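Single-structure report; data block below.
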Protein chains: 2
Amino acid sequence: MKENESAWPMGIKKTKQRKFVLDVLEHAESPLSASDIFDKARSEDSSCWLSTVYRILDYFVSEGLAVKTAVMDSSMALYELNRNQHRHYAVCVNCHKVVELMNCPMEKFEPEIAENDFRIVGHRVEMYGYCKDCDRKMSGIH
Amino acid sequence: MKENESAWPMGIKKTKQRKFVLDVLEHAESPLSASDIFDKARSEDSSCWLSTVYRILDYFVSEGLAVKTAVMDSSMALYELNRNQHRHYAVCVNCHKVVELMNCPMEKFEPEIAENDFRIVGHRVEMYGYCKDCDRKMSGIH
DNA sequence: TTTCTACTTGCAAATGATTCGCATTCGCGT
DNA sequence: ACGCGAATGCGAATCATTTGCAAGTAGAAA
């Protein structure tokens, strides 16, 4: 009874390492870095070299399975599953927690671009500020 | 008659290298990387070590004189003068040209955040797609 | 099921951006 | 001009990411 696992994406060769990475991404609540995934592999039985994680992640991105979501102020690239739906995040500038944004500011937006005729295919939005915990902590201090 | 130069920002110690970096940023049309600035220094008389450029840039950012604007798909951080006005960019996914966005999608946006009570202090928006040259080139090919 | 081959991975070493350490030099107030 | 603290030159260190290559493996073909 492992049928509650997602079907394996077609056209992707199935290996232990790829299964592991996909599984981690599927259960992640927020975007993960390559070394997040690598660490998780070490802590569990599954072993998988860091460069392999990078390769798998790049491959997933190239296949449209995952998306690369670098977050400002982070020196590392973050990856998440491509859920084929818009997602944007708010990042706490204090603790770097990443929180999902439930609506998208682009929905009703008509961009005016300096160079005319720029064919837009996507966008990235990121809010930053203080999450409730940090905000509370900081107002306590002052 | 050098009075058309901007006044030197107060509280900032004036050095040859800082003057150079500030001048480059003032005349830049789009965000620059540390090595863009370093290269410009080499090509002109002004010499200035790369690590110094980084230090100056960090310092400018900490003083609110400049802002760090990492762009997706670029491995380098980009810096631009803090013109105390909102700026967002569209980035060409083909040639990586950076083009300014004339309006801001956040103007009329009420964010709904997964975690309630996130105190937003800023945001980052980036559109991506094809600039007119690349778009033209690519439709020519197909 | 066994074989064959192309694709994957383990591993180590390379790379590229950025930072750090420290001796020297340079602004700038006195 | 003098002196001190801050800024720079320079090289070496660091960190994330990439690459090269030999060995291992999935899965199509036999």
Side-chain angles (χ1 to χ4, degrees), chain A residues 7-25 31-42 44-63 65-80 96 98, chain B residues 5 7-25 31-63 65-80 96 98:
Chain A
W8 187 257
M10 58 173 230
I12 307 283
K13 192 189 261 187
K14 191 189 257 178
T15 71
K16 185 161 64 81
Q17 295 82 342
R18 286 178 179 179
K19 263 187 282 186
F20 178 78
V21 172
L22 187 64
D23 185 68
V24 172
L25 288 176
L32 300 176
S33 69
S35 64
D36 288 340
I37 296 171
F38 176 62
D39 291 345
K40 189 154 288 187
R42 318 219 84 183
E44 305 182 15
D45 49 343
S46 326
S47 91
C48 179
W49 213 248
L50 180 57
S51 54
T52 302
V53 175
Y54 275 108
R55 277 192 279 228
I56 291 174
L57 254 10
D58 282 354
Y59 179 64
F60 282 2
V61 170
S62 77
E63 295 297 310
L65 249 165
V67 292
K68 199 172 182 175
T69 319
V71 163
M72 125 174 266
D73 252 32
S74 159
S75 52
M76 286 184 288
L78 302 182
Y79 298 80
E80 64 181 321
H96 296 118
V98 173
Chain B
E5 287 180 6
W8 187 256
M10 60 174 228
I12 307 284
K13 190 190 263 191
K14 190 190 258 177
T15 70
K16 183 161 67 78
Q17 294 83 342
R18 286 178 179 181
K19 263 188 281 185
F20 178 78
V21 172
L22 187 63
D23 185 68
V24 172
L25 288 176
L32 301 177
S33 69
S35 63
D36 288 339
I37 296 171
F38 176 61
D39 292 344
K40 188 153 287 185
R42 317 218 85 184
S43 70
E44 304 182 16
D45 49 341
S46 326
S47 91
C48 180
W49 211 246
L50 180 58
S51 53
T52 302
V53 174
Y54 275 107
R55 274 191 282 229
I56 290 174
L57 254 9
D58 282 353
Y59 179 64
F60 282 2
V61 170
S62 76
E63 295 298 309
L65 249 164
V67 292
K68 198 171 183 176
T69 318
V71 164
M72 127 173 266
D73 253 31
S74 159
S75 53
M76 285 183 290
L78 302 181
Y79 299 80
E80 65 182 321
H96 296 118
V98 173

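What you see is a predicted model, and the numbers here were worked out from it, not measured in a lab. Scope of the values below: all heavy atoms of this structure, side chains included, with no hydrogens, waters or symmetry mates. Below, chains carry the letters A, B, ... as their sequence lines are ordered, and counting in each starts from 1.
The nucleotide whose nearest atom lies closest to any side-chain atom of A/Y59 is, among D/dT17, C/dT8, C/dG10, C/dT8. You'll find that the side chain of B/Y54 is closest to C/dA17, out of D/dA7, C/dA17, C/dT8. Looking at the side chain of A/I56, the nearest of the listed nucleotides C/dC20, C/dT9, D/dA16 is C/dT9. Here the nucleotide nearest the side chain of B/K14, chosen from C/dC28, D/dT17, D/dG11, is C/dC28. When the nucleotides C/dT9, D/dA16, C/dT18 are ranked by their closest atom to the side chain of A/M76, D/dA16 comes out on top. Closest to the side chain of B/K13, from the set C/dG10, C/dG27, D/dA26, is C/dG27. Which of C/dA12, D/dT8, D/dT17 sits closest to the side chain of A/W49 comes down to C/dA12.
Residue B/F20 contributes atom CZ, which lies 15 Å from atom C1' of D/dT8 at whole-angstrom precision. To the nearest angstrom, P of C/dG16 lies 16 Å from CG of B/D36. Across the protein-nucleic acid pair, A/F38 atom CZ and C/dT9 atom P stand 14 Å apart, rounded to whole Å. In this structure, CZ of A/F60 is placed 11 Å from P of C/dT8, rounded to the nearest angstrom. We find that CG of B/L78 is positioned 12 Å from C1' of C/dA17, with the value rounded to whole Å. Going from atom NZ of B/K16 over to atom C1' of D/dA7 covers 12 Å, rounded to whole Å. Note: CG (A/L50) to P (D/dA16) measures 9 Å, nearest angstrom.
Checked by atom type and distance alone, the side chain of B/D36 pairs as donor or acceptor with a backbone atom of B/S33 at under 3.5 Å.
Where A/R55 and B/D58 meet DNA chain C, the nucleotide closest to each residue was compared, and A/R55 sits on the side nearer the 5' end. Between B/A34 and A/R18, the residue whose closest nucleotide on DNA chain C is further toward the 5' end is A/R18.
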(message) Working note: A/W49 + A/Q17, criterion side-chain contact (heavy atoms from CB on, under 4.5 Å); need CA distance, chi angles, decisive distance, verdict.
(response) CA-CA 9 Å; A/W49 213 248; A/Q17 295 82 342; over 6 Å; no
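Look at B/Q17 and you'll find a side-chain N or O under 4.0 angstrom from OP1 or OP2 of D/dG9. Taking 4.0 angstrom as the limit, B/T15 places a side-chain polar atom (N or O) nearer than this to OP1 or OP2 of D/dT8.
Contact detail for A/Y79 and A/K68: the closest heavy-atom pair is OH-CE, 3.5 Å. In plain terms, the two heavy atoms of A/L25 and A/F60 that are nearest each other are CD1-CD2, 4.1 Å.
Contact annotation for B/S51: base contact, defined as any heavy-atom pair under 4.0 Å involving a base atom.
Tested against A/V21, the residues A/L57, A/T52, A/L32 include a single side chain to side chain contact (heavy atoms under 4.5 Å, CB included) partner, A/L57.
Not a single donor-acceptor pair, N or O on each side, falls under 3.5 Å between the base of D/dC10 and the side chain of B/T52.
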